[in-house]
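Scroll down for the structure; my scribbles are underneath it.
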Number of protein chains: 2
Amino acid sequence: MEAADLFFGAFANKNRFRILNKLNKKSLCAGELQKKLNIEQTHLSHDLRCLLNCKFINVRKDGKKRIYSTNNDTKELVDEVSKHVKKYEKYLERCGVLEKEKNGRV
Amino acid sequence: MEAADLFFGAFANKNRFRILNKLNKKSLCAGELQKKLNIEQTHLSHDLRCLLNCKFINVRKDGKKRIYSTNNDTKELVDEVSKHVKKYEKYLERCGVLEKEKNGRV
DNA sequence: TTATTATATGAAATTTTTTTCATATTTACT
DNA sequence: AGTAAATATGAAAAAAATTTCATATAATAA
């Protein structure tokens with residue numbers, strides 16, 4: 001089950017998920033992503049490396065830019081997860097540090 | 001995109017993923033899960049509450065036990081993710097704190 | 001009504017991840 | 001060669017999640 005842990009380490013992150021969603025629509029270079037998502041440059045760069053290492057995305061060079069893109073498996077996965085998130089949105093609560101007021105006991 | 005963050009907070013966790021996989025096969029009470037997964041009692045309890053809050057799982061009472069189960073949406077999602085994890089296993093690397101030795105530069 | 005089993009809770013301690021900072025690299029242009 | 005633009009890197013700081021601890025509650029049985 002170690003692989004699942006690594007998987008989540010890479011995939012399960014708000015910013016990285018936003019990146020994947022953007023790239024699902026259109027391949028983009030880092031600079032474009034940065035503008036669209038309004039993430040600080042080095043932060044974005046770290047996230048891209050993370051996604052890249054785990055093969056969620058690919059790069060190709062184009063002059064001094066690097067164009068990032070998702071593959072089909074990633075597209076499917078991201079869409080599936082997005083579907084679930086949308087459907088369960090109303091139930092989702094911050095975990096671990098559950099907001100005390102909301103504690104809906106069983 | 002806030003919902004995605006909450007979603008990952010609950011779903012994206014090694015132990016909780018193990019729990020979901022077990023429950024996908026068979027509804028179980030906390031005690032049984034504890035034995036099968038070898039997780040410390042209060043730890044498991046926290047994780048169950050988390051999954052419960054976000055409606056990944058359901059409970060019903062049976063005497064002094066509580067029987068946990070997954071729903072169909074969760075089953076599908078967990079299976080989809082498991083499939084991806086299996087396929088990409090060989091690429092997965094710990095993120096954020098990337099092991100220095102492994103640094104496969106682009 | 002007390003004891004026991006099963007499970008839950010909240011807070012503190014620990015660990016991990018995210019974010020920022022300062023700087024490096026890479027490519028193209030002059 | 002020197003400069004600027006685009007992106008990457010590593011380490012430190014900050015934030016968040018996990019794990020443990022000590023204790024509470026709930027249901028049943030003696």
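To find a chain, count down the sequence lines: A is the first, B the second, and so on, and within it residues start at 1. Because only heavy atoms are used, hydrogens play no part in the values below, and waters and symmetry mates are left out as well, while side chains stay in.
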Original post:
So do A:Asn21 and A:Arg18 actually touch side chain to side chain, heavy atoms under 4.5 Å?
Top reply: no

**OP:** Assess the side chains of A:Asn71 and A:Thr74: does a donor N or O sit below 3.5 Å from an acceptor N or O?
**Re:** yes

Subject >> B:Ser82 vs B:Phe17 side-chain heavy atoms within contact, under 4.5 Å >> reply: yes

**OP:** Evaluate the side-chain proximity of A:Tyr68 to A:Leu28: yes if any heavy-atom separation is below 4.5 Å, no if none is.
**Re:** no

Original post:
What integer distance in Å separates A:Arg16:CZ from D:dA16:P?
Top reply: 15 Å

**OP:** Identify whether any heavy atom of B:Tyr68 sits under 4.0 Å from a base atom; if not, whether one sits that close to sugar-phosphate; answer base, sugar-phosphate or nothing.
**Re:** sugar-phosphate

Subject >> A:Lys65, NZ atom: more than 12 neighbouring heavy atoms under 6.0 Å >> reply: no

Subject >> Beyond-backbone contact of A:Phe11 with B:Phe8, side-chain heavy atoms, under 4.5 angstrom >> reply: yes

Original post:
Looking at side-chain heavy atoms only, is the closest gap between A:Leu33 and A:Leu48 below 4.5 Å?
Top reply: yes

Subject >> Euclidean distance, atom CG of residue A:Leu28 to atom P of D:dA6 [Å, nearest integer] >> reply: 15 Å

Original post:
Taking a hydrophobic cluster as the set of Ile, Leu, Val, Met, Phe, Trp and Tyr residues connected by side-chain heavy atoms closer than 4.5 Å, whether directly or through intermediates, do A:Leu6 and A:Val78 fall within one such cluster?
Top reply: yes

Original post:
For A:Leu48 and D:dA6, what is the distance between atoms CG and P respectively, to the nearest whole Å?
Top reply: 16 Å

Original post:
CG of B:Asn13 versus C1' of C:dT17: gap in Å, rounded?
Top reply: 13 Å

Interface polar pairs with nucleotides 26-30 of chain C, N/O, under 3.5 angstrom:
unit_1 : atom_1 : unit_2  : atom_2 : d
C:dT27 : OP1    : A:Lys61 : NZ     : 3.2

Subject >> Min side-chain heavy-atom separation B:Tyr88-A:Phe7 under 4.5 Å >> reply: no

Original post:
CG of A:Leu44 versus P of C:dT19: gap in Å, rounded?
Top reply: 12 Å

**OP:** Determine whether more than 12 heavy atoms belonging to other residues, nucleotides or ligands lie under 6.0 Å from atom NZ of A:Lys35.
**Re:** no

Pairs under 3.5 angstrom, nitrogen or oxygen only, protein versus nucleotides 21-23 of chain C, please.
unit_1 : atom_1 : unit_2  : atom_2 : d
C:dC21 : N4     : A:Thr42 : OG1    : 2.9

Interface polar pairs with nucleotides 1-3 of chain C, N/O, under 3.5 angstrom:
none

Original post:
Expressed in angstrom and rounded to an integer, what is the separation of A:Asp47 atom CG from D:dT9 atom C1'?
Top reply: 14 Å

Original post:
Quick one: A:Glu2 CD to C:dT16 C1', roughly how many Å, whole number?
Top reply: 14 Å

Original post:
Looking at A:Asn15, does any N or O in its side chain come under 4.0 Å of the phosphate oxygens OP1/OP2 on C:dT19?
Top reply: yes

Subject >> Value in whole Å for how far the C1' atom of D:dA6 lies from CD1 of A:Ile67 >> reply: 11 Å

**OP:** For DNA chain C, determine which residues of residues 29-39 of chain A have any heavy atom closer than 4.0 angstrom to one of its atoms, and list them numerically.
**Re:** none

Original post:
Strictly by modelled atom types, are B:Asn24 and B:Thr70 linked by a side-chain donor-acceptor pair under 3.5 Å?
Top reply: yes

**OP:** For B:Lys64, enumerate each residue passing the side-chain contact (heavy atoms from CB on, under 4.5 Å) test, keeping only those at least two apart in sequence or located in another chain.
**Re:** none

**OP:** Identify, with sequence neighbours excluded, every residue that meets side-chain contact (heavy atoms from CB on, under 4.5 Å) alongside A:Glu80.
**Re:** A:Lys83, B:Glu76, B:Leu77, B:Glu80

Original post:
For the hydrophobic clusters of this structure (ILVMFWY residues joined by side-chain heavy atoms under 4.5 Å, transitively), does one cluster hold both A:Leu52 and A:Leu20?
Top reply: yes

